[in-house]
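Remember, predicted model here, so these are calculated numbers, not experimental data. The chains referred to below are lettered A, B, ... by the order of the sequence lines, with proteins before strands, and numbering in each begins at 1.
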Amino acid sequence: MTYNGYKEVEHTADIALQIWAEDFPSLLKQAAKGFYSLVGIQFLEEKSLHQLFVIPNGNYESVLVDFLTELLYFVEEKSLYLSNFTFEDDQDQISVRSTAWKIKSRDREIKAVTYHNLYMRKTEKGFSTTVTFDV
Amino acid sequence: MNKITLSTFTKISDFEWEIPASFRSDMRVPVRVFASQTLLQDALKDNSIEQAVNASTLPGLVDAVMVMPDMHQGYGFPIGGVAATDLETGVISPGGIGYDINCGVRLLASRITLEEITPFISDLATVLNQICPSGVGVGSNKRLTNAELADVCIQGAKWAKNDFYTAEEDLHRTEDQGCLAGANPEKVSSRALDRGKNQLGTLGSGNHFIEVDLVSEIFDEVAARTMGLYPGEIVVQIHTGSRGFGHQICTDYVRRLQSAVAKYGIKLPDKQLVCAPIASEEGQNYLAAMRCAANYAFLNRQILANKIREAFEIVLAGRVDSWKLRQVYDIAHNIGKFERHSINGEKKMVCVHRKGATRAFGPGTDGLPLEYQDIGQPVLVPGSMGTSSWVLIGTETSMLRSFGSCCHGAGRVLSRSQAKRSVWGENLLKQLKQKGIDVRAGSMSGLAEEAPEAYKDVDQVVESVVGAGIARKVAVINPIIVLKG
């Protein structure tokens, strides 16, 4: 059984997501799944396209926030749901390849991904963290 | 960190409490809380006070970090937080303003009575719902060009001054006349500009709303009459902000200022408190961009006000004596502004951060419209959905004790998931209907998240600010139509 997952945790005004995975790329993929689950995405399965984007390389927390912020932008501005991620780590930036589907509907508006109390923990099983979204 | 309990506080009065700067070694100023003991004890259940203590470590604070009784934990700063920094030695923090820059409330008053409007409530709710774009992912029917959006950033609410429904008094009855000086669209990212182009004149979702209310009780007849509020008559509240445009600007600068924190050697207990010296290039750039979003939000509420006027005309013209809606006031509750305040007995320009806190200028303060100079600034405090909202006024005490600031609403007590577990949206809709409230909502789960049980009792919040002397009661209003995104 793999050590990968996410769950929504209580936050008075906003929404927080606990995420854990055996390595950092897997954690990003779990974060994406959790994010889309919070947004309540339904997408049109028949059409897909390749989507490439880059995020600045940096510490784990910044990469996670930047990655989720990109996904949020694609939801809000392009109405695209992204999946099947692969990550290419260069010195200054991370190239993210993905498959994109057009969003049919969504339940929730998320304003932003925050750095609030964001710390990446390395554990014996891999990585875990809690990220808070402003809603 | 030392655990914060009631005994951590020095009691100043029944509604004012202070944590001394000696409580934690990195605090630079005290934390001052305006709340009854009951609300203060409730606040200790989440991290809002700890977040205020964290905020008290920021460089250049000129007095205590204040916290209002509707406080709840945010990210970095608590919601309900007020902090003022020195323009030369202090910092500006996007976290002290929030993602929804210039989220705020506008109140419109009418001379329509409940008796007159009752036969048309359902029709009015339907037309409002049709005319005012609201809900998740719902954009505007007009997409702005780059040049138009740049103009919006500079002009704010003035951009709509030639609109058929804009009234002459709208601008001067808006905080800062609906336009902050110093906005510069060149400091806004292309991504934020993209997001801003098709969201102008939209309500959004979450806790944003349009509400048609009845003035049910007057506490200060002179102030109420000055504002045009009369018992038994109809008013309208609009609660929204700068939409994705402001969210993206805050996101961009929280990211950009991470490096400024290291560059200027600022130590922070929480990354979300990220900031830059006001006098630095980074700080100035954020201020210029933030003001663009603030101006966008003033205009957003102006456009929605005009759509609401159009709906009133469609449904009520010829059926009531006058369908016209006059502006009472428009206020921001997520903003950072340069204001002149008394610091150690000396008038000084400082940067006031208000995050989930409303400006509440007392009588005679510069910047208030002539007609409000004698009574003070109207302070609009919406309650939770289906409950009362309050109209207050700022006081001399608010100028002395809270940088002319007051509470902004009821304040959450339940998380969104807790609210959804305890409330079923359809049942809530029925209950509100039984109370005579016509609710139009984009989603039932969204409605459940905003259930009254998820919020504090706004009456208790108001008793605290009135008890502390930072506001006075003018009127209480109750909903008859609620439009939620």
Side-chain angles (χ1 to χ4, degrees), chain A residues 7-17 37-42 53 55-56 58-81 102-120 129-135, chain B residues 45-48 51 71-76 78-79 95 98-100 103 135-139 191-192 194-195 197-199 204-208 241 243-244 246-248 250-252 254-255 258-259 269-274 356 411-418 442-443 445-446 449 454 485:
Chain A
K7 73 170 180 182
E8 188 182 336
V9 290
E10 301 293 343
H11 186 284
T12 317
D14 299 307
I15 290 180
L17 200 62
S37 155
L38 293 178
V39 176
I41 295 275
Q42 289 199 0
F53 61 92
I55 51 177
N59 60 40
Y60 290 129
E61 290 87 357
S62 293
V63 171
L64 175 62
V65 170
D66 288 340
F67 173 65
L68 289 171
T69 298
E70 284 293 318
L71 302 192
L72 176 58
Y73 175 75
F74 277 105
V75 169
E76 287 288 331
E77 190 54 29
K78 310 285 184 194
S79 200
L80 289 177
Y81 162 83
K102 202 74 185 162
I103 292 170
K104 187 167 74 176
S105 68
R106 58 191 166 105
D107 296 335
R108 188 195 294 283
E109 195 170 70
I110 285 182
K111 290 177 188 163
V113 187
T114 81
Y115 284 90
H116 174 60
N117 284 344
L118 180 63
Y119 296 104
M120 192 63 65
T129 193
T130 300
V131 62
T132 305
F133 298 88
D134 185 15
V135 292
Chain B
K45 292 174 189 162
D46 73 13
N47 295 322
S48 41
Q51 290 182 335
M71 75 190 96
H72 56 80
Q73 75 178 37
Y75 27 86
I79 311 300
Y99 284 93
D100 195 357
C103 185
V136 177
V138 175
R191 188 157 279 199
D194 277 351
R195 290 183 68 181
K197 281 177 191 164
N198 75 335
Q199 293 197 335
S205 60
N207 63 358
H208 293 162
R243 310 284 290 111
H247 310 165
Q248 188 67 45
C250 186
T251 294
D252 293 338
V254 166
R255 180 72 178 84
Q258 298 288 338
S259 55
D270 183 345
K271 280 183 188 170
Q272 194 65 37
L273 284 173
V274 66
R412 287 193 80 94
V413 282
L414 292 186
S415 72
R416 290 168 193 279
S417 49
Q418 280 174 315
S443 95
S445 65
E449 288 184 6

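Here the OG1 atom belonging to T132(A) is positioned 10.0 Å from the OH atom belonging to Y75(B), to the nearest 0.5 angstrom. Here T251(B) contributes atom OG1 and L68(A) contributes atom CG; the two are 11.5 Å apart, rounded to the nearest 0.5 Å. The CD atom of E449(B) sits 4.0 Å away from atom CZ of R108(A), with the distance rounded to the nearest 0.5 Å.
Counting only heavy atoms from C-beta outward, the side chains of Y115(A) and V274(B) never approach each other to under 4.5 Å. In this structure the side chain of E76(A) never reaches within 4.5 angstrom of the side chain of H247(B), judged on heavy atoms. Side-chain atoms of R255(B) and P56(A), non-hydrogen and from C-beta on, do get closer than 4.5 Å to each other. Using a 4.5 Å cut-off on side-chain heavy atoms (C-beta onward), K111(A) and D100(B) make contact.
Of the listed residues (A454(B), G74(B), S445(B)), the greatest number of heavy-atom pairs within a distance under 4.5 Å of chain A belongs to G74(B). Chosen from G411(B), G137(B), G244(B), S443(B), the residue pairing most often with chain A at heavy-atom distances under 4.5 Å is G137(B). Counting heavy-atom pairs under 4.5 Å between each of G139(B), G446(B), S417(B), S48(B) and chain A puts S417(B) at the top. Highest contact tally toward chain B, considering only D66(A), L72(A), V39(A), T69(A), is held by D66(A) [criterion: heavy-atom pairs under 4.5 Å]. Contact tally against chain A (heavy-atom pairs below 4.5 Å) for R191(B), Q418(B), K271(B), Q199(B): the top residue is R191(B).
Pairing each heavy atom of Q272(B) with each of H116(A), the nearest pair is OE1-N, 3.3 Å.
Not counting sequence neighbours, H72(B) has no partner by the ring-ring contact (aromatic ring centres under 6.0 Å, His included) test. Take D194(B) and apply the salt bridge (charged side-chain N to carboxylate O under 4.0 Å, His left out) test, not counting sequence neighbours, and it matches K197(B).
Contacts between V413(B) and chain A at a heavy-atom distance below 4.5 Å involve the backbone alone (N, CA, C, O). Contacts between S205(B) and chain A at a heavy-atom distance below 4.5 Å involve backbone atoms as well as side-chain atoms.
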request  = Show your working on salt bridge (charged side-chain N to carboxylate O under 4.0 Å, His left out) between E109(A) and R243(B) and close with a plain yes or no.
outcome  = CA-CA 10 Å; E109(A) 195 170 70; R243(B) 310 284 290 111; 3.3 Å; yes

